[in-house]
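This report refers to the structure that appears directly beneath it.
Naming convention: chains lettered A, B, ... in sequence-line order (proteins, then strands); numbering from 1 in each chain.
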Number of protein chains: 2
Amino acid sequence: MSTAALLEKDRRTQAERTALSDAKMLSAAVELICAKGTTRTTLKEVGELAGYSRGLASHRFGTKDQLFTFIVRSVGELWLKELRLAVRDEVGVRAIGAAVDAHQAFITQGANNIRAFYILWFNSIGPDQGLREVVANIHHRRRRDVENWIQKAVVNKELSSTVDYRGAAQNFCAAIIGIVYQWLADPENVEHIRELHTILKTQTALALGKAH
Amino acid sequence: MSTAALLEKDRRTQAERTALSDAKMLSAAVELICAKGTTRTTLKEVGELAGYSRGLASHRFGTKDQLFTFIVRSVGELWLKELRLAVRDEVGVRAIGAAVDAHQAFITQGANNIRAFYILWFNSIGPDQGLREVVANIHHRRRRDVENWIQKAVVNKELSSTVDYRGAAQNFCAAIIGIVYQWLADPENVEHIRELHTILKTQTALALGKAH
DNA sequence: ATATTACTTGCTCGCAACAAGTAATTTTTA
DNA sequence: TAAAAATTACTTGTTGCGAGCAAGTAATAT
């Protein structure tokens with residue numbers, strides 16, 4: 001049942017209650033992270049902005065770190081799915097192209113949850129945070145996807161078997177991170193972001209084609 | 001006068017006292033950031049690890065944000081200088097190559113201040129932080145340097161005048177950020193980092209040469 | 001009606017931030 | 001040139017706020 005539908009009811013099951021408060025707190029946290037960053041976002045405010053008590057976010061998630069983990073996991077899963085959907089059963093250069101287009105559409109349409117997701121992503125850099133391994137996991141799976149797209153095209157004979165699919169995927173993912181960085185650092189400059197995506201596409205195509 | 005020399009003296013000028021405590025607190029902060037990340041680093045601990053009172057870091061820097069700003073500025077300036085030194089008066093593809101080599105040497109030699117610098121760099125992403133503009137400033141100057149290297153080679157006729165030097169520089173810097181991300185996410189894998197640097201060099205050369 | 005689960009309120013601890021203090025160095029003045 | 005006054009470096013005292021936990025109340029389930 002959707003969040004909107006849950007809001008209509010005047011009596012909800014316990015499961016529905018937690019689902020609703022989870023959803024509301026998730027969106028409150030996203031707003032706050034986008035508005036004031038991770039350090040200035042407080043669990044107290046997350047609970048209150050969601051329409052509950054100061055203590056609920058603490059109680060539900062335990063720590064700030066765990067709330068952030070929850071967000072990254074939720075948005076990250078959604079996001080991987082969307083990317084795969086965009087690529088469908090394309091392989092090789094066309095798959096990369098579709099993924100880059102989808103990525104660009106995602107971040108330029110400016111949904112706050114993607115923005116918060118990437119802010120958390122970058123903030124997770126550094127030692128000790130529990131968030132780190134969740135991010136590493138998503139990052140790894142993303143790279144594996146890219147590797148698969150390329151490898152399938154090699155099997156297909158669309159690409160040369162001498163292609164270094166692991167290296168190409170690594171480099172591709174590194175470049176994506178770089179682009180996202182630029183986007184977060186200067187969100188206004190949409191044209192710049194578009195340009196970076198285009199360059200990435202042609203460069204990756206070049207890197208893959210070069211091995212022919 | 002060097003920090004080591006200042007330590008010898010039993011009487012120091014006021015300027016020397018602050019220079020010494022600044023240096024000690026800087027290095028304490030770097031250690032703490034590398035050891036436990038930015039959020040778990042406290043001003044209290046910075047002062048105490050540096051051998052002073054719990055309150056000095058607060059008193060000197062005001063806020064955590066301003067301490068971090070101080071670190072990024074200090075290390076960032078040093079770092080830009082070193083890069084320029086490595087490039088000397090090379091231009092074009094050779095300048096890029098020299099810069100990439102220097103960058104790789106920097107981060108693989110694993111000096112903690114570079115590591116802390118980049119951790120702060122990534123953590124500064126997001127809204128509202130004072131740190132942000134300092135990072136943006138350094139980032140911008142770095143990109144300008146790269147643009148200049150390319151442009152000089154165009155003037156030199158080493159590179160075609162149809163080269164998009166701004167786009168190439170943007171893309172290059174985005175890729176550097178991506179590489180640094182990978183390094184911080186998985187510092188052990190030195191070989192991977194080396195590889196990414198190599199790929200970046202060849203790809204940039206390709207992107208520049210292609211326009212001939 | 002009782003039990004379970006969701007949420008709230010009360011509380012403690014630690015840190016940031018600031019104010020008011022003490023200690024070191026510099027300047028003044030005789 | 002040396003004590004006194006002023007300035008600058010650093011420390012200690014205090015307040016406020018949020019995290020995190022415990023012990024409550026309210027809603028749903030049995």
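- Interface residues of residues 17-34 of chain A facing DNA chain C, ordered by number: A/Arg17, A/Thr18, A/Ser21; criterion, heavy-atom separation under 4.0 Å.
- Between B/Phe61 and B/Phe70, the two ring planes are tilted [angle within 30° to 60°].
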Name every donor-acceptor pair, under 3.5 Å, that has one atom in a side chain of residues 75-83 of chain B and the other anywhere in the protein, sequence neighbours excluded.
unit_1  : atom_1 : unit_2   : atom_2 : d
B/Glu77 : OE1    : B/Arg141 : NH2    : 3.1
B/Glu77 : OE2    : B/Arg141 : NH1    : 3.0

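- Annotation: proximity of residues 46-53 of chain A to DNA chain C (heavy atom, distance under 4.0 Å) is found for A/Tyr52, A/Ser53, numbered in ascending order.
- Taking CZ of B/Arg166 as the start and CZ of B/Arg144 as the end, the distance is 9.0 Å to the nearest 0.5 Å.
- Nucleic acid contact for A/Arg12: sugar-phosphate only, since backbone atoms but no base atoms lie under 4.0 Å from a heavy atom of the residue.
- Under 4.0 Å is where a charged nitrogen must lie from a carboxylate oxygen, and between B/Glu45 and B/Arg54 no such pair does.
- Note that A/Arg142 lies in the cation-pi zone of A/Trp121, set by a 6.0 Å cut-off to the ring centre and a 45° limit from the axis.
- At distances below 3.5 Å, at least one donor-acceptor pair connects side-chain atoms of A/Lys64 with backbone N or O atoms of A/Thr38.
- Under the 4.0 Å criterion applied to side-chain N and carboxylate O atoms, B/Lys201 and B/Asp101 are assigned as salt-bridge partners.
- When the shell of 6.0 Å around CD of A/Glu133 is examined, it contains 12 or fewer heavy atoms from other residues, nucleotides or ligands.
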Under 3.5 Å, N/O pairs linking protein and nucleotides 14-18 of chain C:
unit_1 : atom_1 : unit_2  : atom_2 : d
C/dA16 : OP1    : B/Leu43 : N      : 3.0
C/dA16 : OP2    : B/Leu43 : N      : 3.3
C/dA16 : OP2    : B/Lys44 : N      : 3.4
C/dA17 : OP2    : B/Gly62 : O      : 3.4

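- Side chain to side chain, A/Arg194 and A/Thr108 fail the donor-acceptor criterion of an N or O pair below 3.5 Å.
- The nucleotide range of DNA chain D contacted by chain B, defined by atoms under 4.0 angstrom from heavy atoms of the protein and reported 5' to 3', is D/dT8 to D/dT14.
- The line from CD1 of B/Ile125 to CG of A/Leu120 is 12.0 Å long, rounded to the nearest 0.5 Å.
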Which atom pairs, one a donor and one an acceptor, fall under 3.5 Å between side chains of residues 24-35 of chain B and the rest of the protein, sequence neighbours left out?
unit_1  : atom_1 : unit_2   : atom_2 : d
B/Glu31 : OE1    : B/Asn112 : ND2    : 3.2
B/Glu31 : OE2    : B/Asn112 : ND2    : 3.3

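- The CG atom of A/Leu20 sits 10.0 Å away from the CZ atom of A/Arg17 when rounded to the nearest 0.5 Å.
- A cation-pi contact, defined as under 6.0 Å to the ring centre and within 45° of the axis, links B/Arg115 to B/Trp183.
- Between the base of C/dT25 and the side chain of B/Gln14 there is no donor-acceptor pair shorter than 3.5 Å.
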